[in-house]
Amino acid sequence: MLLSIHAVVVTFLGICASLSAATPLHLRDDHIGAPQDATFDYIVVGGGTTGLTVAARLSEHASVAVIEAGGYYQITYGNNSVVPLYSLTRIDAIDPSPQFPRRPEIDWELVTVPQTNAFNRTVHYAQGKTLGGSSAFNTMSYLRSTSSAYQRWASMVGDNDYTFKSLLPFFKKSVRLTPPNLEKRNSANATPEYDPSAYGDGSPLDVSWNNFVDPTLTWLAKSLQAIGIPINPKGFSSGELKGGAWLPSTIDPAHATRESSQTSFLDYADANTQIKVYPYSIAVRVLFENETATGVSVDTNGTIYTLSATKEVIVSAGVFNSPKLLMLSGIGPTEVLTSFDIPVVANLPGVGQNLQDPTSINVANFVNTPNAQSIVANPATEPEALRKYVEEAAGPYSSAAGYISYERLPDDLRQTLPPATLAKFDNFPSDFPDSQYIVGTFVMANGSSMGAISSTFTRTFSRGSVTLASADYKDNPLIDLGWFSDPADADVLIAGVKRVRQAWSSEPALTIRLGAEVLPGDTVDTDEEILSYIKNNGNQLWHASSTCSMGKAGDKSAVVDSKGRVFGVKGLRVADLSVVPYALPGHCQANAYALGEKIARDIIDAR
Ligand SMILES: Cc1cc2nc3c(=O)[nH]c(=O)nc-3n(C[C@H](O)[C@H](O)[C@H](O)COP(=O)(O)OP(=O)(O)OC[C@H]3O[C@@H](n4cnc5c(N)ncnc54)[C@H](O)[C@@H]3O)c2cc1C
Ligand SMILES: *[C@@H]1O[C@H](CO)[C@@H](O)[C@H](O)[C@H]1NC(C)=O
Ligand SMILES: *[C@@H]1O[C@H](CO)[C@@H](O)[C@H](O)[C@H]1NC(C)=O
Ligand SMILES: *[C@@H]1O[C@H](CO)[C@@H](O)[C@H](O)[C@H]1NC(C)=O
Ligand SMILES: *[C@@H]1O[C@H](CO)[C@@H](O)[C@H](O)[C@H]1NC(C)=O
Ligand SMILES: *[C@@H]1O[C@H](CO)[C@@H](O)[C@H](O)[C@H]1NC(C)=O
């Protein structure tokens, strides 16, 4: 079978469901901006994960406008983005294949250039084009990176604000944690362990544990424990990524609905501030007078007008669109700007460079245990699942991702890595994990259940880039993910596949496993065969970062300083995953929310 897991899943996705009224939509009429010139203290470009966090916090103190290309995903995409299980089965917009279904109402439809080190594959890279941004269709896992990873960030940018200790108050500020509901989870094999001191009394972002445990996942979790990766009693929010954890998710536990930056921060700001939102509106360019940002040119359904900022413009358009907008505004590598006749405001060669995108590979088998998807795919069990969801906010529809592990590879496998690859690890703190394993389950059209364990490297050596395709703001940028441009990434994935196969050969896995390995399959055996399989089938986790990297003054590749201020100009910041200076281990959304809190604080303190 040559299909990747994602391709398998999307081939039998149903037609998009229409709107369910599960989530009330709140934006007040007088909080929706009319398409005409207006002036605010702050203008935030992009109502995504980081952008709505920044905007909501700034609007506690000042007048704020948010420019967002999309609308409400609950309206444009029905309950696909709302029901947790659908994040795994119905969000067809995230299909990475170049034949992805077109969903312009929620996705930017970005497609990469051929990946020269991955057999010239082109990849669709889903990015949310909606209020909520990518938090509107991510898989909702909530975890943070490691203390040493944040220390590395702090050292790279010369600012101790980025140590885990300094960031922790910002992580806590957003999050309202609800402890696991053990009764609804009803699984002694999946009792979450975590460190309550990593959370405080924050709000408005709900984080909680699924009100259902996928039965197959408990076996896959046991198989990773059986090869020597025990549960970490602290979980993954205390600055450690070591061992395994049943993860919390950005889910509202009372209703078992997706929590995005829109259902949290935007709803909060709508109810408590005078925030103004410009939906279906595209930022054309940032406007400057001399070297000071004075506003943004905006296109709302074809009407072009100017929103002026008396204080600052904050660009939160995401890892691909923030560098694009900077370049369209005259900030970027001079040779790129002049080739498109864009007047240069600041020559910053780092804009669009340093793209880092960790990739992963699945090892999958048929299993004899049910999973959340197979239960709802079965006409005999679906009605009870739906009842449980609607009446109790529980059951398989209420659950999404679940269990992740991190480890330093065992010595015998580590020794199979080329010395040049091991030597590159020396540029990272010694307690960095080597590999991440994510367990997942799937159901085939004929009802067969499948289990998958993916492996991902946690240090990203390959580098890609984003540049302009044209000077037209309606065109998507040219994206080269640079996949496998550094061979060290694939080396670690090869070892990861071997390690995951050990888990699949452990006693708990053999209890549920049926037949020969499905993916990659028994014919993929030697290192060369695994490498080729990885290049053909490796997938993104949608964790791309670092295209407007933060750095020290004088560092020619840096785009923003440690407070997000764009070098070479005044009144302009970038706040989103593009400024994180390297791909942190762990997942991204917790960092996006905390960064939003932190940059908002910097802006408020600077007034
Ligand atoms: C499929 C998928 C699964 C994921 N799973 C997880 C997970 O389980 N856990 C996790 O931690 N992370 C996950 N992530 C990653 C995480 O969601 C993202 O890294 C994070 O949301 C990015 O936040 P951001 O603020 O940088 O950008 P975004 O949230 O993407 O926000 C950018 C916003 O800017 C808007 N915009 C862009 N250009 C313009 C313009 N010119 N004018 C107006 N508006 C514009 C966009 O429409 C968007 O709303 C996943 C991501 C995806 C896509
Ligand atoms: C999602 O919406 C569709 C169409 O309205 C409906 O049939 C389905 O039951 C909904 N799913 C859930 C889990 O509520
Ligand atoms: C990828 O494309 C380049 C440029 O067209 C070509 O030179 C190269 O041979 C291709 N590689 C593969 C593996 O097809
Ligand atoms: C821009 O420069 C001109 C000429 O030096 C000056 O008159 C004007 O006030 C400046 N504008 C701003 C916003 O600084
Ligand atoms: C812009 O278009 C969207 C989608 O068609 C529509 O919902 C919205 O009301 C329009 N906005 C304005 C200001 O015309
Ligand atoms: C179900 O379909 C898959 C391919 O889609 C096939 O590999 C598998 O053998 C089938 N299972 C059964 C029980 O027929």
Side-chain angles (χ1 to χ4, degrees), residues 1 3 8 11-12 14 16-22 44-54 66-70 78-80 82-87 90-91 93-94 96 106-108 125-144 247 249-250 256 260-262 278 280-285 296 298-299 315-322 324-325 328 366 376 382 385-386 389-390 395 397-398 400-401 404 438 444-448 450 473 514-515 518 540-545 575-580 586-593 595-596:
M1 201 183 311
L3 295 171
V8 171
T11 48
F12 57 86
C16 262
S18 58
L19 171 67
S20 113
V44 177
V45 177
T49 319
T50 321
L52 287 179
T53 307
V54 173
V66 178
I67 303 164
E68 168 52 50
N79 59 15
N80 296 311
V82 174
V83 177
L85 182 64
Y86 289 172
S87 72
R90 285 232 192 156
I91 304 191
I94 65 175
I106 181 163
D107 174 42
W108 281 89
Y125 209 106
Q127 289 286 284
K129 183 186 187 184
T130 172
L131 290 165
S134 297
S135 72
F137 61 25
N138 67 17
T139 318
M140 300 177 287
S141 302
Y142 183 89
L143 62 160
R144 301 166 186 163
L247 291 171
S249 300
T250 39
S260 65
S261 63
Q262 175 233 92
Y278 292 76
Y280 301 107
S281 301
I282 303 217
V284 174
R285 78 177 69 82
V296 181
V298 187
D299 174 347
V315 173
S316 300
V319 68
F320 303 111
N321 281 315
S322 282
K324 172 187 145 184
L325 185 64
L328 288 176
F366 286 117
V376 308
E382 197 277 342
L386 189 60
Y389 182 63
V390 174
Y397 278 118
S398 71
I404 297 186
I438 306 179
M444 309 304 287
N446 58 15
S448 289
M450 213 189 240
Y473 66 93
L514 297 171
V518 181
Q540 72 267 55
L541 291 164
W542 301 277
H543 288 180
S545 68
D576 58 28
L577 257 289
S578 71
V579 305
V580 179
H587 293 206
C588 308
Q589 67 168 343
N591 296 324
Y593 286 112
L595 183 70

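Atoms within a ligand are numbered from 1 in the order they appear, just like the ligands themselves.
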### Query
Which one holds for L386 and ligand 2: side chain close, backbone close, both close, or neither close, with close meaning a heavy atom under 4.0 Å?
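Looking at L386 and ligand 2, just side chain atoms fall under 4.0 Å.
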### Numbered atoms and elements of ligand 6 in range of M444, under 4.0 angstrom, heavy atoms
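Checking each atom against M444, I get 5 (O).
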### Query
For ligand 6, which atoms have a heavy atom of S448 less than 4.0 angstrom away?
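Answer for ligand 6: 1 (C), 10 (C), 11 (N), 12 (C), 13 (C).
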Nearest protein heavy-atom contact for [atom]: which residue, which atom, what distance?
atom: atom 52 (C) of ligand 1; result: W542 CB, 3.2 Å
atom: atom 50 (C) of ligand 1; result: N138 CB, 3.2 Å
atom: atom 27 (O) of ligand 1; result: G318 CA, 3.8 Å
atom: atom 11 (O) of ligand 1; result: Q589 N, 2.7 Å
atom: atom 47 (O) of ligand 1; result: E68 OE2, 2.8 Å

Which of the ligand 1 atoms, numbered from 1, are nearer than 4.0 Å to a heavy atom of [X]:
X: W108; result: 36 (N), 37 (C), 38 (N), 39 (C), 45 (C), 46 (C), 47 (O)
X: I94; result: 1 (C)
X: I67; result: 43 (C), 44 (N)
X: K129; result: 47 (O)
X: C588; result: 10 (C), 11 (O), 12 (N), 19 (O)
X: T130; result: 47 (O), 49 (O)
X: S135; result: 21 (O)
X: S281; result: 42 (N), 43 (C)

### Message
Quick check: V319 and ligand 1, any N/O pair under 3.5 Å apart?
### Response
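V319 vs ligand 1: no N/O contact under 3.5 Å.
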### Task
Indicate yes or no for a side-chain donor-acceptor contact from Q127 to the backbone of S134 under 3.5 Å, with no hydrogens or angles considered.
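A pair under 3.5 Å: no.
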Below 4.0 Å, non-hydrogen atoms only: which portion of [X] touches ligand 1? Side chain, backbone, both or neither.
X: S316; result: backbone
X: T49; result: both
X: M140; result: backbone
X: A126; result: backbone

### Message
For N138 and Q589, which I'm curious about, is there any donor-acceptor pair between the side chains at under 3.5 Å?
### Response
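There is such a pair (donor and acceptor under 3.5 Å, judged by atom type) between the side chains of N138 and Q589.
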### Shortest heavy-atom approach to atom 9 (N) of ligand 1 - which of A136, S141, A283
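Heavy atom nearest to atom 9 (N) of ligand 1 belongs to S141.
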### Task
Please say whether R90 places an N or O atom under 3.5 Å from an N or O atom belonging to ligand 2.
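No, no N or O pair falls under 3.5 Å.
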### Query
Hey, does N79 come in under 3.5 Å of ligand 2, counting only N/O atoms on both sides?
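Yes; at least one N/O pair falls below 3.5 Å.
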